[in-house]
Amino acid sequence: MPETSDIAAGRLSPARIAENFADAHPPLTPHEAVVEASRCYFCYDAPCIEACPTGIDIPSFIKKIATGNLRGSALKIFEQNIFGGSCARVCPTEELCESACVRMAEEERPVRIGALQRRATDWLMEHDPAPFKRAPATDRRIAVVGAGPAGLACAHRLALHGHSVTVFEARPKPGGLNEYGIAAYKLADDFAQREVEFILSIGGISIEYGKRLGRDFDVASLRRAYDAVFLAIGQEGARALGLEGETLAGVRDAVDFIAELRQAADKTVVPIGRRVVVIGGGNTAIDAATQSRRLGAEDVTIVYRRGVSEMSATKDEQDWAQTNGVRIRHWATPHRLLGQDGHVVGAEFMRTEPDQTGRAVPTGASPWIATCARQYPACMPGVTVSRA
Ligand SMILES: Cc1cc2nc3c(=O)[nH]c(=O)nc-3n(C[C@H](O)[C@H](O)[C@H](O)COP(=O)(O)OP(=O)(O)OC[C@H]3O[C@@H](n4cnc5c(N)ncnc54)[C@H](O)[C@@H]3O)c2cc1C
Ligand code: SF4
């Protein structure tokens with residue numbers, strides 16, 4: 001890194017960092033939850049259930065909250081989705097169940113299903129950390145590869161039926177992207193690990209860490225040793241840009257940056273550029289950009305090759321980033337990354353426009369250089385470019 005580099009840790013005070021990475025959406029109070037639950041019409045053929053990818057019986061769990069039966073409410077959720085606690089925090093409910101809520105059509109204010117789900121699941125996790133009992137043990141042994149949400153949900157259901165499960169996990173901790181990927185302020189207070197403990201409390205599940213499929217064992221050996229094998233290894237790896245300058249110091253992929261931030265017990269030691277450019281249009285780009293701002297980066301820009309409506313990040317996520325001071329520029333694609341002394345100092349973008357099929361194609365118009373923000377007289381080192 002050149003001496004003039006402006007990538008540094010500790011841009012904000014520890015108190016400010018703690019505030020920035022605390023729970024982004026604090027829970028409903030008991031009174032608020034009852035009032036909110038009473039807004040539900042408990043619809044027959046409820047459209048919110050249809051819109052829930054995990055098919056939770058939403059009116060039923062809400063009715064139980066309205067009548068003070070938080071245990072029954074939480075069990076209704078967990079029986080359908082054992083990750084109901086983290087889904088209550090991270091699921092894009094505004095695009096799913098809440099967008100289908102009949103209250104939305106009537107008054108543009110849906111029942112706050114996600115917040116209510118959190119109220120019930122948090123209550124049970126606090127008051128009964130081991131609510132599920134296994135069926136009598138069978139002699140079946142199942143191998144699960146990957147201790148992310150998919151692998152652990154599968155392991156829990158198998159254990160519930162009395163089977164014995166061994167989970168093989170490449171990383172040193174369980175939780176998958178809940179632990180290494182989701183923005184820190186969405187799953188604050190070590191929620192990902194608390195949730196894994198809750199899931200494992202059923203018994204009958206053992207996890208072997210540091211065991212990677214393809215390196216330490218293969219599927220054939222698992223099939224010989226177990227009655228069944230479930231592969232839940234997620235989607236590893238970020239796309240490369242394939243551009244000149246991509247190996248310069250200061251250029252990194254957003255998933256790695258987010259993982260480093262999530263694993264840092266003290267976030268004041270995580271370095272960040274004074275100016276950050278994030279390339280991409282999904283939730284990973286939003287999380288990388290917003291967390292960069294919250295770490296103290298002064299100038300953060302997301303650049304996406306197509307328009308607002310083509311971004312895969314939800315509208316709420318885009319608003320959240322902008323509320324945090326992130327600028328989003330559309331219709332521009334990276335052309336090359338500029339370096340000085342081996343370190344990135346800028347990113348050159350070409351303007352794009354949609355062709356007849358809607359694909360973004362460069363217009364050939366004069367390139368736009370990302371780091372020469374107006375308030376700085378020249379491009380200076382100290383830029384972090386994240387690929388999302
Ligand atoms: C940055 C980011 C932000 C996200 N934000 C949200 C959000 O806000 N809301 C939302 O709903 N979803 C979000 N998602 C998506 C969500 O995290 C995933 O859908 C979910 O984690 C998928 O679960 P999984 O178990 O299939 O995979 P993963 O969570 O990826 O888990 C896979 C597990 O398998 C392990 N593994 C991989 N390869 C091997 C191997 N060869 N051998 C052994 N173990 C292996 C991994 O270490 C990991 O523990 C986000 C994803 C990312 C990347
Ligand atoms: S659609 Fe809305 S009002 Fe109807 S059951 Fe679902 S949450 Fe309740």
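Quick caveat, the model's predicted, so the values are computed rather than measured. Numbering of ligands and ligand atoms starts at 1, following listing order.
- Shortest contact from atom 3 (S) of ligand 2 to any protein heavy atom: Y41 N, 3.3 Å.
- The contact set between ligand 1 and G176, taken as ligand atoms under 4.0 Å from a residue heavy atom, comprises 29 (O), 31 (O), 48 (C), 49 (O).
- The cationic atom of R329 (NZ for Lys, CZ for Arg) does not lie both less than 6.0 Å from the six-membered ring centre of Y304 and within 45° of the ring axis.
- Annotation for ligand 1: atoms under 4.0 Å from non-hydrogen atoms of A232 are 32 (C), 33 (C), 34 (O).
- Among E169, K173, E179, the residue whose heavy atom lies closest to atom 46 (C) of ligand 1 is E169.
- For ligand 1, none of its N or O atoms has an N or O atom of E317 under 3.5 Å away.
- Aromatic rings of F83 and F78 (six-membered ring for Trp) have centroids beyond the 6.0 Å cut-off, not under it.
- Atoms of ligand 1 found under 4.0 Å from any heavy atom of R171, numbered from 1 in the order shown, are 47 (O).
- Of the possible donor and acceptor atoms, one in the side chain of E246 sits under 3.5 Å from a partner among the backbone N and O of L241.
- Scanning L152, V167, I182, N283 for the heavy atom closest to atom 7 (C) of ligand 1 points to I182.
- A cation-pi arrangement, defined by a distance under 6.0 Å to the six-membered ring centre and an angle within 45 degrees of its axis, is present between R294 and Y185.
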**Prompt:** Step by step, would you call R359 with E353 a salt bridge (charged side-chain N to carboxylate O under 4.0 Å, His left out)?
**Reply:** CA-CA 8 Å; R359 213 166 46 98; E353 62 184 11; over 6 Å; no
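- For residue C48, an N/O/S atom approaches atom 6 (Fe) of ligand 2 to within less than 2.8 Å.
- Looking at R327 and T301, their side chains do bring a donor and an acceptor atom within 3.5 Å of each other.
- Using a 4.0 Å cut-off between heavy atoms, I49 makes no contact with ligand 2 at all.
- Protein heavy atoms are absent from the space less than 4.0 angstrom from atom 15 (C) of ligand 1.
- Atom 8 (Fe) of ligand 2 has no N, O or S atom of C43 closer than 2.8 Å.
- Under the 6.0 Å distance and 45° angle rule, R171 counts as a cation-pi partner of Y180.
- Close approach to V102 involves these atoms of ligand 2, each under 4.0 Å from a residue heavy atom: 1 (S), 2 (Fe), 3 (S), 4 (Fe).
- When only non-hydrogen protein atoms are considered, atom 7 (S) of ligand 2 lies nearest to I113 CD1, 3.7 Å.
- Proximity of K211 to ligand 1 is established by a heavy-atom distance of less than 4.0 Å.
- Counting only non-hydrogen atoms, the option in C101, P110, A100 that gets closest to atom 2 (Fe) of ligand 2 is C101.
- Looking at L177, V145, T93 and measuring to atom 51 (C) of ligand 1, the nearest heavy atom belongs to L177.
- Proximity of the aromatic rings of F132 and H156 is defined here by a centroid distance below 6.0 angstrom, and this criterion is met.
- When each atom of ligand 2 is checked for a heavy atom of P59 under 4.0 Å away, the hits are 5 (S).
- Nearest to atom 52 (C) of ligand 1 among the protein's heavy atoms is T284 OG1, 3.9 Å.
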